[in-house]
Protein chains: 2
Amino acid sequence: MSDMSGISIAALALETGIGKDTLRIWERRYGFPQPVRDAKGERLYPPEQVAQLRDVRRLLDQGMRPGQVFSLSPDERSERACPPTPEGDDPGLLQLLRRHDEAALREELRMRLAREGIARFVTDAVSPMLVAIGNAWVRGEIEIFEEHLYSEQLQSVLHEAMGQLPAPGSAPKILLATLPGEPHGLGLLLAQAMLRLEGAACIPLGTQTPESQVLAAAEAYGADVVALSYSENFGAVPMRGTVRRMRAALPEAVALWCGGGGAGHLKRPPAGVSRIASLDALKEELLRWRTARSMQPA
Amino acid sequence: MSDMSGISIAALALETGIGKDTLRIWERRYGFPQPVRDAKGERLYPPEQVAQLRDVRRLLDQGMRPGQVFSLSPDERSERACPPTPEGDDPGLLQLLRRHDEAALREELRMRLAREGIARFVTDAVSPMLVAIGNAWVRGEIEIFEEHLYSEQLQSVLHEAMGQLPAPGSAPKILLATLPGEPHGLGLLLAQAMLRLEGAACIPLGTQTPESQVLAAAEAYGADVVALSYSENFGAVPMRGTVRRMRAALPEAVALWCGGGGAGHLKRPPAGVSRIASLDALKEELLRWRTARSMQPA
DNA sequence: CCCATCACTTTGTCTAGGACAAACAATGAA
DNA sequence: TTCATTGTTTGTCCTAGACAAAGTGATGGG
């Protein structure tokens, strides 16, 4: 009886990641979203507007500016937000996900892992799958909870596989982290798997670690490399800011690697910073580090 | 050169988990915190006030009301906030963490797990350790990055251990999730471990899953139970709101369990909602569910 | 003695519109 | 082309008032 007509501004802010202030000023400036009011005079956002806001969010993430986005009709928005890549490769996993058989999904992941080995599994199966899921989601072919389940199962399977690896070597000590504002940690885990395969010692700090803490950890653990992961959502400008600050604060001897979809915002990485374009490139970068280090040992 | 004098209200809200509105109204009502203003006229919170706010936060989490908290002097606050448990049992793990030897930490975790088994490991070692770490942190004896590393290592070890468990039974299907605004997923993992041990089929949805998505998942997977985890940071009021809404929207046949430090905000759970006070209680609740279900089968 | 009901107080979040700096786009000059 | 300089867009912060829900405490009845 309470919420047939929509959700509150606080709930909407949480769900879309758009600030309350921003939602209010969009209403004032662009006339959208235009929530109904409850008896108390408070905003209630109907589900359809919530859905439209998802498109808006997507377009903003793609780099469009609010003014342009709001001058489009809802239909135009949803059209442009959706279909960058229907692509050919829709493997069985997507269908499995939609069939809501969590046990089968897990088995399939384990099977593939066993068949292809960790490295090929990560680069050839997981990585494209994540892209496919992202696309399927914006096209509305898949639900958020399905994406979440996939991500969880994947983490579980990868942790399991890594546990069976021999004790990590010590070659470069690599600190893996995500900065505040970046909640997506799956990329870190994939990177960790690749690096452990090559015998590197990984120190995972997880997501949303403050910059000062990453620096402190780098010193405390004597890291040789600090690797940061950025998703596409991370704004280009703050991203470049973090990289600049981190590079300036880290000792010169410590390498700084930036990866993930948001690393593309580094058009030309500053000196002493490496952009990791893909998980394959990670292996190469590691090789490069090792050869460089073997030329001039301590 | 920029921020010698303090941090912005947005940063403070992020760091303390207290809403911007709340910070402003505390200033208006209680005269604390009393930030300085920069050239722009915007609030700048000095580090000492940030530290004091941590005490305030702690006291509120313990159930004290704001009015009482702010009538105390800063010294009284820090005294009451800190030392609920220096406790006798400061096991080697804390020291290990401070020694910055990630390999040894991991080995120790694995050892304990092997020695004690999953269940005892979770209830007797991990759970108190998390409390101890939390306390050490508010006392400033430990850094955030150390906490992060511990959490990551723990996740890894637990996933590993769960992977070796026999295929999950199917008794009750339990959906595990955290709602938007709650980024802490460790509790979910611990719960999952306990439940899998008892043969329940867990469907982990991870953190920050929107309410509508949890509902959709519950239907899609035919869940018998929806288990939500709340950390202490989760505000009491919104927490109760989510519980009320979820309970109303879920079919009556589906049980709703709430656990984690923030579940204490449910003084008396509404009908059809169970409060899981601890990880041990989880086992009992599962037993209760099973007996209740065996009395009246479909 | 315990529990329900009532009034009273506390408290967090919402509302409104105004203001402004930082980010972006488009211009002009070298 | 590349770099500096405008003008416009845009998110966040500001003030101050309002109100419902949660908590507190006192009353009365079993």
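Chain A is the first sequence line, chain B the second, and so forth, proteins listed ahead of strands; every chain is numbered from 1. Atom set for the values below is all heavy atoms of this structure, side chains included, hydrogens, waters and symmetry mates excluded.
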Look at [X] and [N] and indicate whether a side-chain polar atom (N or O) is within less than 4.0 Å of OP1 or OP2.
X: Arg43(A); N: dA16(C); result: yes
X: Trp26(A); N: dG11(D); result: yes
X: Arg37(B); N: dT15(D); result: yes
X: Tyr30(B); N: dT10(C); result: no
X: Arg24(A); N: dT15(C); result: yes
X: Lys40(B); N: dC13(D); result: no
X: Thr22(A); N: dT10(D); result: no

Verify the distance criterion only: is there a donor paired with an acceptor across the side chains of Ser231(A) and Glu182(A) at less than 3.5 Å?
yes
Between Tyr45(A) and Ser8(A), is there a side-chain donor-acceptor contact under 3.5 Å, judged purely by atom types and distance?
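Absent: no donor and acceptor within the cut-off.
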Look at the side chain of Gln49(A) and the backbone N and O of Pro33(A), then say whether any donor-acceptor pair between them is shorter than 3.5 Å.
no
Answer yes or no: is there a donor N or O on one side and an acceptor on the other, between the side chain of Ser151(A) and the main chain of Glu147(A), under 3.5 Å?
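Such a contact is absent between Ser151(A) side chain and Glu147(A) backbone.
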How long is the line joining NZ of Lys20(A) and C1' of dC13(D), in whole Å?
14 Å
